[in-house]
There are 2 protein chains.
Amino acid sequence: MKSEEIAKIAGVSRSTVSRVINNYPNVPDETKKKVLEVIEKYNYQPNTCARVLAGKKSDTIGLFIVSIADAENPNRLYKNDYFNQFTNAVVDCANSRGYYVLINIIYCENDYRRVNEIFLQKRIDGGIVLGTEKEAAALINVSKKGCPIALIDYDAEEIKKNESEYENLIVVGSKDYEGAVEAVEYLISLGHKEIGLLSGRLSTFSGRQRYKAFVDTMKKHNLEIREEFILQGDFIKSKTNSAVQALINKGKLPSAIFSSNDDMAIEAIELFKYNNIRVPEDISIIGFDNITLASLIKPALTTIETPIYSIVEKTVEELIHNISKTRKGFRSYSYNTKMVIRETCTKKLNSLLTL
Amino acid sequence: MKSEEIAKIAGVSRSTVSRVINNYPNVPDETKKKVLEVIEKYNYQPNTCARVLAGKKSDTIGLFIVSIADAENPNRLYKNDYFNQFTNAVVDCANSRGYYVLINIIYCENDYRRVNEIFLQKRIDGGIVLGTEKEAAALINVSKKGCPIALIDYDAEEIKKNESEYENLIVVGSKDYEGAVEAVEYLISLGHKEIGLLSGRLSTFSGRQRYKAFVDTMKKHNLEIREEFILQGDFIKSKTNSAVQALINKGKLPSAIFSSNDDMAIEAIELFKYNNIRVPEDISIIGFDNITLASLIKPALTTIETPIYSIVEKTVEELIHNISKTRKGFRSYSYNTKMVIRETCTKKLNSLLTL
DNA sequence: CTGAAAGCGCTTACAG
DNA sequence: CTGAAAGCGCTTACAG
C-alpha cells in the first residue's frame, strides 16, 4: 500500500495525502477526515525511506557505546551493569518522545568511524556517545559536518575554548570531581589516613576527574599519597583483580580505599573476602556510580551516586532540540552526585591488620 | 557526496559505481579498483534510504521488548536485569554479523501494532520479540505479511499445528519445564515436603511451563499442593513483595520455595531477611534464570540457568537466514537449562520455625 | 485549497 | 563489460 493508492481511494491527489500526513495547516477538516479514514482503514504507513529521501527526518537516534577497553571479552555488553542502565534509560527516554534508537557498539578504535558512516548513510538524525575516550576527536568532527552529537562524560572545558566551532555538540555528565572529593573527605572524616585509590581509565574524563579529586583532597589534608596504594584498575574487573591481588601479596594494606567505580569496588571486596580480609573492619571501601548491584551485595556498598536517568533524559531532550533546530550552539550540563552511605566504610580502628 | 559524483570522478557511470558497491561479478578488477579508490578517498557512504527504496535490505533488525506487566513503573527497562542481558546479547550478536538493531519497548497492548508499523515503514528486515505474551497473535500475523519474526519464549507446539502458515516465524527458548522439574526434584531430595511456589505470569509460556512442572512434580511425589503456598508474583517485584508479605503475616511458611524467576526469589529473600526469617536455615529458596545478581547476593542464590547468550545467538542467526532466504519454513529451538547450586537451599531441618 | 511535476539517491533490467 | 533510463515511494515548491 502506498500513498498513491490511498489518494485514489480517498479521491484526492498524492500531494493532499502527504499534506494530511504531515499536518499541513491548509487542508480543510473534511478532506483531512476523509483521508485519515482511508489511512486508518487500510492500515497505511508511509515508507520511511521514501520520506527521508524526500527530505524528512528519520526520527532515529544513534546510541554508540564505546567498549574498547574491554576488548578481551567477547561479549562486552552482555553483563555490564553500568552500560545497561544507560542503554535502557536512552531507549526509555527516546521512545517516549517518538524517536527510535539504533544501538551500536564500538569495539575498537577503528569502529569510531562507524558513527560517521551511519550518519552519512542517513540512518540517524543525531547520536549519543557513551563512554567517550580521548580519541573521540573523530566524533567531534562528525558533529561539525552537521550531525548533532551528544557526548556523555567528556571534558566540556576543552571544547568551550573553541565553542563556536561546535554548534552541533552537547556534553552532559555529572560533577565527578566534587563527588570524588566528598568520598575521600568522608573516609578522612572516619579517621583514615592511609587511603588507597582504585583508579579508572585516565583516558576517560570521569577517570581523570576522580583521580584528580583524590590527589587534591589527600594533599589538602596533608596526607601522604603512597604510590603502592594507587592501583590501576582501568574500570575493568580483570585488571582490578590483578592489581588488588598484587597489593594483598605485598602484605601492607591501606585502611581505606576510594574506588573510581562500583564495578571495581565490588571486585575488590570479593577478593578481600576470599583472602579473609574483612570489609569494613579491616579495610573500608567506597565506590562510585551506585549501580544496581551496590545495594544488593553484602556488605552493601557505600558509594557516590551518579544520576544516570537525569543525565540521559537531559541528553535526549537537548539532542532533539538540536535535531529540530529549536535550540543551537554548544551547551554542556553537569549533574550533582550524591553520597549513599551503606555498610562498607567504618571508623579507622586502632588495631592494625597483620596479614 | 552521492554516487553520481563518485562516478564522474572515477570516469564511469553511476551504474558501475553501484555494481562495485554491490559486488557484482562482472566488473573488471581494474575498474573496481579505480572506483574503490575514489570511494575511499572521499569517504563515500551510499544513502541507506535510497538503497532500500531501490529494493535493498535495510540490514536492520527490530528488537521489541514486551514490558506490559510493569506498566506502573515509569522507567520500565531501566533496572531490569533479565531484559538487560537479552538486549545486550542481541546487540552483540547482530552487530557482529553486520546488522543494526532498532530497539523498541512495548509498554501496553496497543503498542503491539508498532511492530507492524515499523515493518510497514520498511525500517527493519526482521524482528525479535522478547517477553511475548499470549496476546501476541497480532505479531504472528505480521510474520504472515512477509516480515521474518522470531519469538523468544513462546509455545512452539501451538504453532506447529498450523505450521505451513508460519513460513516466516521462528521460536527459540529454553527447556523450562525440564529445568523447573529439576529444581523441584532438588528441593524434594533435600527432604522438603511443604514446598511453595512463587509463580510467574501465566500469560507467558515460561510462566506456564514452570508452573506446570511444579504441580506435576509435587503430584508425582504425592506431596500436597497447599493453595496458600502458591503465590502469584507475576515476575514483578512489587507483586511478589505483597504476596510474600501476606504469607508471612499468616504465620505459616513452607520449608522451601521454588520461584519462577530470580528477580522474585531475590525480592522474597530480602523480605525474609527483613522479617528475621533465615535463608536457608528457616526456608530454602531456588530461583530460575541465573541473572547476574544471583551469584552476588548474600546468601548466593541457587537457581536454574537459562542459556541466554546461546538462545539469542541462535535467534539472530536463524532470523538472518529467514531475511536472506537461505532457509525457510517454521522452525523452533529449545535449549537445555542447568542447575547452579549455591547457598539458598539446605536440607529440611527437623525444628519447625515458629513465627 | 489542491493537483501535476520535479526531485531525493540509489539499483537493476535492458540494450548494446 | 557498461551506460542510459526507468523506477522505488515519498515531499514540496510551483502554478492555478
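Proteins get letters first, then strands, A, B, ... in listed order; numbering begins at 1 in each.
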**Request:** Side chain of A:Ala54 only, please: which of C:dG7, C:dC10, C:dT2 is the nearest?
**Result:** C:dG7
**Asked** More than 12 heavy atoms of other residues, nucleotides or ligands under 6.0 Å from CG of A:Asp29: is that the case?
**Response** no
**Item:** Span that lies between the C1' atom of C:dT12 and that of C:dG16, in whole angstrom
**Value:** 16 Å
**Request:** Take the protein atom NZ of A:Lys56 and the nucleotide atom P of C:dG9, then report the distance between them rounded to whole Å.
**Result:** 17 Å
**Request:** Quickly work out the B:Ile6 CD1 to D:dG3 C1' distance and round it to whole Å.
**Result:** 18 Å
**Item:** Inter-residue atom distance A:Ile128.CD1 - A:Ile103.CD1, 0.5 Å rounding
**Value:** 10.5 Å
**Touch class at under 4.0 angstrom, heavy-atom based, for A:Ser3 against every strand present** = sugar-phosphate
**Complete:** Atom OH of A:Tyr24 and atom C1' of C:dC1 are separated, to the nearest Å, by 14 Å
**Message:** My understanding is that only one of B:Asn110, B:Ile105, B:Asn104 makes a side chain to side chain contact (heavy atoms under 4.5 Å, CB included) with B:Tyr107; could you say which?
**Reply:** B:Ile105
**Request:** Considering only atom P, compute the distance from C:dA6 to C:dT2 and round it to an integer number of Å.
**Result:** 22 Å
**Complete:** Of C:dG9, D:dG3, C:dC1, the nucleotide closest to the side chain of A:Pro28 is C:dC1
**Request:** Specify the separation, in whole Å, of atom CD of A:Gln45 and atom C1' of D:dG9.
**Result:** 14 Å
**Message:** Taking pairing as Watson-Crick or G-U wobble with both contacts under 3.5 Å, can you name the mate of D:dA13, or confirm there isn't one?
**Reply:** none
**Request:** Could you check whether A:Ser15 gets within reach of a base, just the sugar-phosphate, or nothing at all, counting any heavy atom under 4.0 Å?
**Result:** base
**Prompt:** In whole Å, what is the span from the NZ atom of B:Lys8 to the P atom of D:dA4?
**Reply:** 12 Å
**Complete:** A:Asn47 has its side chain closest, among D:dC10, D:dC14, D:dG3, to D:dC10
**Request:** Using atom CG of A:Leu53 as one end and atom P of D:dT11 as the other, report the distance to the nearest whole Å.
**Result:** 11 Å
**Request:** Round to a whole Å and report the spacing from NZ of A:Lys2 to C1' of D:dG9.
**Result:** 7 Å
**Prompt:** So what does B:Lys122 hit on the nucleic acid, given a heavy-atom distance under 4.0 Å: a base, only sugar-phosphate, or nothing?
**Reply:** nothing
**Request:** For A:Asn26, report the nucleic acid contact type (base, sugar-phosphate, nothing); a contact means any heavy atom under 4.0 Å.
**Result:** base
**Asked** With sugar-phosphate meaning primed atoms plus P, OP1 and OP2, does B:Thr16 contact a base, only sugar-phosphate, or nothing at under 4.0 Å between heavy atoms?
**Response** sugar-phosphate
**Message:** For the CG atom on B:Asn162, are there more than 12 heavy atoms of other groups (residues, nucleotides or ligands in this structure) within a distance under 6.0 Å?
**Reply:** yes
**Phosphate contact (D:dC10 OP1 or OP2) by A:Tyr44 side-chain N/O below 4.0 Å** = yes
**Asked** Which nucleotide in the list D:dT11, D:dG3, D:dC8 gets nearest to the side chain of B:Arg19?
**Response** D:dG3
**P-based separation of C:dA5 from C:dC1 [nearest Å]** = 24 Å
**Message:** Between A:Asn47 (side chain only) and A:Cys49 (backbone N and O only), is there a donor and an acceptor less than 3.5 Å apart?
**Reply:** yes
**Request:** Send over the distance from B:Tyr42 OH to C:dG9 C1', rounded to a whole Å.
**Result:** 19 Å
**Item:** Electrostatic pair A:Lys33-A:Glu37, nearest N-O below 4.0 angstrom
**Value:** yes
**Asked** Reckon A:Thr48 touches a base, only the sugar-phosphate, or nothing at all at heavy-atom distances under 4.0 Å?
**Response** nothing
**Prompt:** Which sits closer to the 5' end of DNA chain D, B:Gly11 or B:Arg14, going by the nucleotide each is nearest to?
**Reply:** B:Gly11
**Asked** Considering every strand shown, what is the Watson-Crick or G-U wobble mate of D:dA4 when both distances are under 3.5 Å?
**Response** none
**Prompt:** Nearest of C:dC10, D:dT2, D:dT11 to any side-chain atom of B:Arg51?
**Reply:** C:dC10
